[in-house]
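Letters A, B, ... mirror the listed sequences (proteins, then strands); counts begin at 1.
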Number of protein chains: 2
Amino acid sequence: MSAPTIRDVAERAGVSKSLVSLVLRGSEQVRPEKRQAVLAAVEELGYRPNAAARSLSERRTRSVGVLLNDLRNPWFVELLDGLGSRLHENGLHMMLADGRLNRHLGEDLTRIFTELRVDGLVAVGTLPGSDELLAAATHIPTVVAGAVEPVLPHVDVVAGDDSYGAALATEHLVDLGHRRIAHIAGQGVAGELRRTSFEKVMHAHGLTDLATVEQGDHTEEGGYRAMVRLLTAPQRPTAVFAFNDIAGVGALSAAEELGLQVPRDLSLVGYDNTYLARLRHLWLTTVDNGSHDIGRRAAQLLVHRMKDPRRAAETVLSEPRLEVRGSTGPPSTE
Amino acid sequence: MSAPTIRDVAERAGVSKSLVSLVLRGSEQVRPEKRQAVLAAVEELGYRPNAAARSLSERRTRSVGVLLNDLRNPWFVELLDGLGSRLHENGLHMMLADGRLNRHLGEDLTRIFTELRVDGLVAVGTLPGSDELLAAATHIPTVVAGAVEPVLPHVDVVAGDDSYGAALATEHLVDLGHRRIAHIAGQGVAGELRRTSFEKVMHAHGLTDLATVEQGDHTEEGGYRAMVRLLTAPQRPTAVFAFNDIAGVGALSAAEELGLQVPRDLSLVGYDNTYLARLRHLWLTTVDNGSHDIGRRAAQLLVHRMKDPRRAAETVLSEPRLEVRGSTGPPSTE
DNA sequence: GACAGTTTATGGACCGGTCCAAAGAAGGGC
DNA sequence: GCCCTTCTTTGGACCGGTCCATAAACTGTC
């Protein structure tokens with residue numbers, strides 16, 4: 001009744017369980033006819049290896065834990081795609097844990113992965129409660145993807161080059177002829193990098209006095225409010241660079257509600273190139289930070305670190321690319 | 001060096017490993033001072049149970065596999081939220097496998113779960129390659145959430161009541177005074193249920209001749225094209241009910257591109273109440289099918305089925321709710 | 001203080017694999 | 001036919017828990 005084990009297969013094939021194990025692990029040291037017998041028995045019994053037993057004995061699980069804090073953010077999903085494909089090439093599984101989905105678990109997401117004895121850990125984005133993560137990272141090979149924040153002795157980091165990306169966006173607006181340009185800033189390290197870079201580029205063009213920064217957050221609402229503040233101020237900007245696409249969409253709503261046409265009266269750039277920006281209705285000019293690529297590289301770094309846990313931590317920046325769509329254009333000449 | 005085991009804890013606490021096991025599983029049959037000693041040893045050594053060993057011996061994993069085919073669809077994520085919370089209440093874990101993320105794995109998603117010996121399976125939405133699923137469902141307690149399709153002897157189904165939801169949407173438009181109403185249809189069983197219900201309601205109002213159905217799909221592009229066809233036809237509708245929010249957004253773009261104002265010149269209803277519909281910029285009237293609730297119920301059904309695998313399959317429909325926003329209004333009177 | 005009854009603690013089998021030392025079979029040379 | 005080498009195959013220990021039958025330690029009674 002219960003699932004067949006390796007011993008059942010052995011008995012059926014008339015060999016020892018050790019031989020079955022050898023065949024199943026693809027050993028060359030097995031006479032062909034025995035191999036056939038074993039494979040036939042496996043087929044007939046519908047044998048499936050028991051992962052728990054295997055990993056108990058092998059002392060590894062061939063799986064890596066992926067911690068992220070919001071599956072609702074399409075950016076993460078894109079990254080997961082790249083991550084998963086490269087991990088799979090290395091015979092590894094991905095186990096997802098969403099900080100938000102599992103918030104009812106308290107902070108013990110990493111605890112679960114510890115008990116599961118994952119072979120590696122990938123932290124995607126900026127995580128809350130990273131103390132836990134730090135503790136885990138001392139035992140388990142760990143890579144941080146998509147955030148630059150927790151830098152630890154043996155933890156690699158892969159992220160988009162936020163400074164460069166923000167520069168791309170700002171330069172684009174300046175090139176179009178805009179002078180009075182605002183930035184809707186985000187939080188965290190990424191937010192700061194983008195803001196600083198925006199200010200630096202503006203400064204380099206001698207536009208320091210025309211640069212405004214309005215604090216927003218990662219939400220649509222935040223972008224909306226920031227934009228309302230920007231547009232009701234005495235000197236309104238002719239172009240706005242938003243921290244991310246979501247904030248950008250909020251900003252877009254505000255602009256249209258206040259009667260401005262985009263891009264005629266106002267140019268707008270987002271960040272992340274999520275599918276929001278690709279919606280025909282929004283068609284946002286944005287910065288693509290290559291999430292898929294970031295995911296792949298994170299996987300690669302993790303694989304290396306699993307082979308050699310004590311190597312020096314590496315930081316890789318992925319080069320972003322400007323994606324020009326319909327929300328930017330030259331400033332109106334009137 | 002390697003992680004402490006239950007025996008290390010036992011030695012440190014001066015008791016047998018069995019006693020440690022008892023304490024860890026919360027037995028009452030342990031003298032308080034011994035319990036303290038064990039807990040102290042656990043703390044000092046930083047002991048963490050080994051999930052593989054435990055499940056090998058217990059012959060269960062306390063985890064359920066969740067199969068879904070597109071994490072990019074925000075609707076699924078909402079459902080996962082409900083699913084996860086209820087599963088957690090029952091001491092169960094969720095292991096996610098995305099059919100699209102893992103397409104490179106071939107069809108063996110369920111195989112992985114079989115090897116992992118998950119205690120249950122939840123299929124979210126309509127899955128490709130459901131042969132595999134069907135096979136697995138004969139061994140493993142299984143529940144289908146969010147789709148009505150694969151009905152099997154011992155598989156429960158939870159879904160939104162698509163007929164009712166579509167009726168809500170259609171009635172809403174009729175109530176507003178619309179007569180010439182179109183539907184952008186989706187694929188699959190859900191698509192058919194919604195379309196049929198739309199037609200039935202139109203018929204009930206004696207509007208059969210004014211009802212149009214245009215085939216779309218689940219994408220923005222499909223919605224866009226369908227809308228273009230609808231609006232360039234000789235008699236354009238004054239209201240459109242789209243299969244889902246994404247198609248609705250595409251339809252919205254088409255309408256605005258053709259110079260129509262929503263809702264003045266055209267009313268539009270979506271389906272799913274995803275965060276797309278909630279974006280201030282789109283502010284789509286839509287049908288909320290209570291994904292969170294569906295997720296919770298799916299978890300509940302699975303828990304029941306795990307207790308009694310042979311009980312008759314149950315089908316639960318969750319009642320949708322109309323969410324009126326800015327994309328619908330009375331038809332223009334001119 | 002002996003005995004029965006109840007709590008509490010323990011050793012060892014078991015879950016289903018991997019791995020290794022050693023046994024067995026096959027082949028080659030003389 | 002015998003010995004040596006190289007391939008194959010095997011039994012048994014082990015991974016780290018759970019669980020159960022039994023042992024040990026208390027309690028209370030007469």
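Side-chain N/O atoms of T5(B) and base N/O atoms of dG16(D) include no donor-acceptor pair closer than 3.5 Å. Taking only distance into account, the side chain of S55(B) never meets the base of dC15(C) through a donor-acceptor pair shorter than 3.5 Å. In this model, no side-chain donor or acceptor of R54(A) finds a partner on the base of dG16(C) within 3.5 Å. Side-chain atoms of S16(B) stay outside donor-acceptor range of the base of dG11(C), with no qualifying N/O pair under 3.5 Å.
Between R111(A) and E115(A) there is a salt bridge, with a side-chain nitrogen of the basic residue lying less than 4.0 Å from a carboxylate oxygen of the acidic one.
Toward the 5′ end of DNA chain C lies the nearest nucleotide of K34(B), the other residue of the pair R48(A) and K34(B) mapping further downstream.
In this structure, the side chain of N90(A) engages the main chain of R86(A) through a donor-acceptor pair within 3.5 Å. Between the S21(B) side chain and the K17(B) main chain, no donor and acceptor come within less than 3.5 Å of each other. Side-chain atoms of D156(B) do not come within 3.5 Å of backbone N or O of V143(B) as any donor-acceptor pair.
For R59(B) and dG16(C), the shortest distance from a side-chain N or O to OP1 or OP2 is below 4.0 Å. Between Q29(B) and dT8(C) there is a side-chain N or O to OP1 or OP2 distance below 4.0 Å.
Using a 4.0 Å heavy-atom criterion, one finds that K17(B) contacts the bases of the nucleic acid, with or without backbone contacts as well.
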